[in-house]
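Notes for the one structure printed next.
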Amino acid sequence: CVSKDTDVLLTVAPYACQRQTPLTHQNSEIIDALEKLGKAAALRGSEVRSLAFTRAASVLKSLPIRLQSADQAKNLPFCGGHCQTVIQEILEDGVCHEVEALQTNEQYQCMELLTSIFGVGVHTAERWYKDGVRKLSDLDDPNIKLTADQRAGVTHYTDLQRPVTREKADRVQHLIKNALHRFVPDLEVTMTGGFRRGKQQGHDVDFLITHPDGEALSGLLKKAVDWMDSQGLLLYHHTRVRSRVQAHRRNVPMDGHETCYAIVALPNLDTSKAGAGVGSDVTFPGARAWRAVRVDLVVTPYDEYAFALLGWTGSKHFERELRRFSWHEKNLSLNSHGLYSTEKQCSIPATSEEEIFALLGLQYVPPQYRNA
Ligand code: ATP
Ligand code: MN
Ligand code: MN
């Protein structure tokens, strides 16, 4: 359907996991507007409305053509009246008035700022907003209690706001592998998340760690983290031990893998400026020899690896749709530990992502087309 004809009927499969969604697309202005409205709804606590906007935006991301009229979208899944109004406004005026209004909405701006801090969700931000918090420095108030995550998030706020480039992600990978391979030389370490989907930048760098011998994984994360800490390479870390998950309870967003949420001090390439490691007391930013980067490390048993890889590659919406599809269309429960048949009460093993798609009766979608 690569016709310019505005009468052309566009069709798109209803689940994001049934479509190919590349990184770049044809309708960015409209998609940006829909995603902003989705975010605004989420920040107001309306998850259902937020999801509706996210779904509409995701559908448009998979379109191979640039929309010429709102009418063209009327047969697309999840593109109802509200979505069509947004499309029409952008096509006619170049802007969407509802989105414009957000720019001057103090609550939205403030909630966006607060939730952009590592460790701060909508709930916390809302509470702080009600307590009068409007800017980062308001969090210095001793009456406001911060968790350790949030404290680190505020301390390194400026660095963590800067996108991590692929070049930096590769250097983080080198640093992480070096730490892990010290303890288990043949450990498998894979960069997942947005970078595996071909993104050129991200808000963090995600890694999945596994080994055929379960013993090799035992205690490994702690040893590697302690080592990095001793080298001044860690600014913060929070390790969550593997929980015996209610593995196949549905709608559990968190998985139970052993996970380390870290902030790494990535040494600058140009180290001529200072010998400043984390412990050094160089205070002016220009002379700092490192930059803070958020890193997620996830350890998975070998037999769960394919599921963890699929689950940690994203995008978040693609994952949500995979799980929704599995449940509603196949009566199977999928998460990053495995695939489970509630009917037969048994797990269905798989050793590759391709196999999981096949088990679900889906055409394989390579990582670079999972940018839903
Ligand atoms: P960015 O470039 O902004 O980091 P991203 O796609 O890598 O984008 P992340 O937030 O790093 O986004 O998440 C990567 C993937 O890991 C997502 O698919 C998400 O569903 C999954 N994920 C993140 N946190 C968890 C968690 N606690 N449990 C299970 N899966 C998670
Ligand atoms: Mn990521
Ligand atoms: Mn992450």
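Note that these values count all heavy atoms, side chains included, but never hydrogens, waters or copies made by symmetry. Just follow the structure's listing: the first ligand is 1, and inside any ligand the first atom is 1.
Looking only at distances, a side-chain donor or acceptor of Thr147 sits under 3.5 Å from a matching main-chain atom of Gln150.
Residue Lys199 has at least one heavy-atom neighbour below 4.0 Å for each of these atoms of ligand 1: 1 (P), 2 (O), 3 (O), 8 (O). Heavy-atom proximity to Asp206, at under 4.0 Å, picks out these atoms of ligand 1: 7 (O), 11 (O). Of all the atoms in ligand 1, the ones that sit under 4.0 Å from a non-hydrogen atom of Gly194 are 5 (P), 6 (O), 7 (O). Residue Tyr261 has at least one heavy-atom neighbour below 4.0 Å for each of these atoms of ligand 1: 27 (N). Heavy-atom contacts of Gly202 reach the following atoms of ligand 1: 2 (O) (cutoff under 4.0 Å).
Backbone and side-chain nitrogen or oxygen atoms of Arg197 are examined, and one is located within less than 3.5 angstrom of a nitrogen or oxygen of ligand 1. Here's the thing with Gly314: one of its N/O atoms is less than 3.5 angstrom from an N/O atom of ligand 1. On a distance-only criterion, Thr313 and ligand 1 share no N/O pair closer than 3.5 Å.
Remark: distances from the non-hydrogen atoms of Arg320 to ligand 1 are all 4.0 Å or more.
Taking 4.0 Å as the cut-off between side-chain N and carboxylate O, Lys61 and Glu35 count as a salt-bridged pair. Taking the charged nitrogens against the carboxylate oxygens, Glu258 and Arg240 have no contact shorter than 4.0 Å, which rules out a salt bridge.
At a threshold of 4.5 Å between non-hydrogen side-chain atoms, the residues Lys223 and Arg182 do not count as touching. At least one side-chain heavy atom of Lys74 sits under 4.5 Å from a side-chain heavy atom of Asp71. Within the 4.5 Å cutoff, side-chain heavy atoms of Asn371 are placed close to those of Arg197.
The minimum distance between the Mn ion (ligand 3) and any N, O or S atom of Asp296 involves atom OD2. The atom of Asp204 that is an N, O or S and sits closest to the Mn ion (ligand 3) is OD2. Residue-level check: among N/O/S atoms of Asp206, OD1 sits closest to the Mn ion (ligand 3).
With a 4.0 Å cut-off on non-hydrogen atoms, His203 touches ligand 1 through its backbone as well as its side chain. When non-hydrogen atoms are compared, ligand 1 lies under 4.0 Å from the backbone of Asp204 as well as from its side chain.
A cation-pi contact, defined as under 6.0 Å to the ring centre and within 45° of the axis, links Arg134 to Tyr129.
In this model, a donor atom of one side chain and an acceptor atom of the other lie less than 3.5 Å apart for Glu355 and Thr351.
Contact between Leu359 and Ala350 at its shortest, heavy atoms only, is CD1-CB, 4.0 Å.
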